[in-house]
Every structure is written in structure tokens, then in C-alpha cells.
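Notes follow once the structure below has been shown.
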Amino acid sequence: MPDLLARVRTCHACAGLPLGPKPILQADSHAKILIAGQAPGKRAHERGLPFDDPSGDRLRSWLGVSRDAFYDPHKFAILPMGFCFPGTGKGGDLPPRPECAPLWRQTLLDAMPQIRLTLVIGAYAQAWHLGAQRGRTLTETVGDWRAFWPDVIPLPHPSPRNQRWFKANPFFAADLVPVLQARVLELTSN
């Protein structure tokens with residue numbers, strides 16, 4: 001795993017990015033939980049740490065874990081669909097660059113045989129990880145989370161921009177989050 005991570009962290013496959021390539025991920029062969037997200041934001045790019053922002057605060061709250069536990073690679077692997085900040089567009093960050101997943105994703109996943117739970121955050125990660133099993137919309141996929149339980153849980157992006165989604169879908173906080181926290185506790189306390 002250390003050699004693989006070193007190769008990923010020096011990748012320049014998408015050298016034309018506005019802030020340049022800077023792959024940001026967290027992985028360990030002993031990780032039990034995989035967080036499959038979209039791509040690092042500008043703040044993550046600047047700090048070199050995934051989910052080091054309000055989205056990460058919300059995600060840690062959903063998981064019921066401390067910051068220290070979240071950044072323990074023996075517990076959590078964090079593999080966005082694109083490892084580098086893709087830049088910003090009209091509605092926020094651009095989609096993950098398409099080069100990363102074909103280059104690195106399966107090799108990294110194969111190097112983490114202890115993964116017992118995959119949290120699939122956002123439409124891009126759901127497309128890759130769930131394929132034809134996902135619903136027509138992110139809301140439909142997240143609403144059907146029990147179909148993927150207990151190995152995979154589709155989640156919306158925890159961005160503060162999604163306040164409207166959270167208000168329109170109270171099932172998420174009421175039904176899914178408590179079950180998610182119990183599963184995370186089960187996997188991280190062993």
C-alpha cells in the first residue's frame with residue numbers, strides 16, 4: 001500500500017487543472033469503511049486533507065465519529081472519484097476529472113480487502129459504485145438505501161449547499177442516519 005499511495009500522490013494525469021494536480025486521499029489496507037466521494041474542494045486542496053471543511057463536519061456528525069477517528073486510515077479510507085480539485089464552475093465545484101477512476105480506483109480497492117462498508121456520496125460515486133442498481137435520481141437512490149444494506153450506503157453530499165435537500169427529505173436524518181451511526185460504531189469499535 002505505501003508504494004501504491006506514493007504513485008497516486010505523484011500522479012499528474014490531469015496536469016491542466018486550475019490549481020495543478022494534488023491528489024488527496026486516505027487509504028490503508030486495514031481500513032474497514034470506505035468513503036467514496038466526488039473530488040476534493042479548494043479548501044481540501046489548500047490543506048491537503050479531505051473533508052476538512054463544513055461538509056466534513058456534517059459527514060462526521062452523520063457517522064457519529066470524532067475528527068481523530070475519521071482521519072484514522074486504519075478505520076476510514078477516503079477515495080474520491082477524482083483525487084484533485086477540479087476547479088469551480090457556475091454552480092460550485094466542477095465534476096471530478098474522469099482520468100482518476102480508470103487509472104487508480106480498482107487497484108486501490110483491491111489493496112483494501114478489509115472494507116466492510118462503503119459510503120457512496122453523491123451522484124458521481126453512485127454511478128461508479130452502484131451502476132445500474134442506482135435509482136433515476138440521487139434522492140431515489142438514497143431513499144432506497146435498504147436495498148444496499150449492510151455493505152453499501154448511498155448518501156447525498158454533506159455540503160451546506162444541500163440544505164433544501166435535507167429539509168425536503170426528512171427520512172434521511174430520521175431513518176438512515178441512526179442506522180448508519182450504529183453500523184459505523186460496530187465497525188470502528190473492533
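The structure displayed is predicted, hence computed values, not measured ones.
- Annotation: side chain of Phe51 is in contact with side chain of Ile121 (closest heavy-atom distance under 4.5 Å).
- Within the 4.5 Å cutoff, the side chain of Val142 has heavy atoms near those of the Gln126 side chain.
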_Is there a side chain to side chain contact (heavy atoms under 4.5 Å, CB included) between Ile153 and Val120? Walk through the geometry before answering._
CA-CA 6 Å; Ile153 299 178; Val120 189; over 6 Å; no

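- In this structure, Gln181 contributes its side chain and Ser61 its backbone to a donor-acceptor pair below 3.5 Å.
- For the pair Ser55 and His157, the minimum side-chain heavy-atom distance is below 4.5 Å.
- Linking Ile, Leu, Val, Met, Phe, Trp and Tyr whenever their side-chain heavy atoms come within less than 4.5 Å puts Trp145 and Leu155 in one cluster.
- Considering all non-hydrogen atoms of both residues, Met112 and Ala27 come closest at SD-CB, 3.9 Å.
- By the 4.5 Å heavy-atom criterion applied to side chains, Lys22 and Phe85 are not counted as neighbours.
- Counted by atom type alone, Arg105 and His129 present one or more donor-acceptor pairs between their side chains at under 3.5 Å.
- Under the 6.0 Å cut-off for aromatic ring centres, Phe166 and Trp62 qualify, their centroids lying closer than that.
- Taken from NZ in Lys75 to NE2 in His30, the straight-line distance is 14.5 Å, to the nearest 0.5 Å.
- The existence of a salt bridge linking Arg67 and Asp52 is confirmed by a sub-4.0 Å separation between a basic side-chain nitrogen and an acidic carboxylate oxygen.
- Under a 3.5 Å cut-off, the side chain of Tyr71 and the backbone N or O of Pro50 do form a donor-acceptor pair.
- In this structure, the separation between OG on Ser159 and CG on Leu59 is 12.0 Å, given to the nearest 0.5 Å.
- By the rule that hydrophobic residues join a cluster once side-chain heavy atoms approach within less than 4.5 Å of another member, Phe70 and Ile24 end up as members of separate clusters.
- Around CZ of Arg9, the count of heavy atoms belonging to other residues, nucleotides or ligands within 6.0 Å exceeds 12.
- The shortest side-chain heavy-atom distance between Leu109 and Leu34 falls under the 4.5 Å cut-off.
- Looking at Thr188, its side chain does come within 3.5 Å of a backbone N or O of Val184 through a donor-acceptor pair.
- Contact of the Pro80 side chain with the Pro96 side chain is not registered, since no non-hydrogen atoms from C-beta on lie closer than 4.5 Å.
- By the 4.5 Å heavy-atom criterion applied to side chains, Cys11 and Phe83 are not counted as neighbours.
- Scanning all heavy atoms of the two residues, the minimum distance from Pro54 to Pro160 falls at CB-CG, 3.8 Å.
- With rounding to the nearest 0.5 Å, the separation of CZ in Arg58 from CG in Asn162 is 7.5 Å.
- How far CG of Asn169 is from CG of Leu176: 11.0 Å, rounded to the nearest 0.5 Å.
- The closest side-chain heavy-atom distance from Leu117 to Asp151 is not below 4.5 Å.
- Two rings, from Trp165 and Phe172, have their centers less than 6.0 Å apart.
- A single hydrophobic cluster is seen to contain both Ile78 and Leu63, as judged by linkage of ILVMFWY side chains at heavy-atom distances under 4.5 Å, directly or through other members.
- The two residues Asp93 and Gly41 make their nearest non-hydrogen contact at OD2-CA, 3.5 Å.
- Both Leu79 and Ile115 sit in one connected hydrophobic cluster of ILVMFWY residues. Membership requires side-chain heavy atoms under 4.5 Å apart, directly or through other members.
- Salt bridge status for Arg183 with Glu186: present, with a side-chain N to carboxylate O gap under 4.0 Å.
- Minimum heavy-atom separation, Leu185 to Ser189: O-OG, 2.8 Å.
- Taken together through direct or relayed side-chain contacts under 4.5 Å among Ile, Leu, Val, Met, Phe, Trp and Tyr, Met81 and Ile33 form parts of separate hydrophobic clusters.
- The heavy-atom pair separating Pro23 from Cys84 by the smallest distance is N-SG, 3.5 Å.
- Side chain of Gln26 to backbone of Phe76: a donor-acceptor contact under 3.5 angstrom is found.
- One finds the CG atom of Asp28 at 8.0 Å from the CG atom of Leu5 (value rounded to the nearest 0.5 Å).
- Taking CZ of Arg7 as the reference point, atom CG of Leu103 lies at 11.0 Å (rounded to 0.5 Å).
- Between Arg60 and Ser66, the closest heavy-atom pair is CD-O, 4.1 Å.
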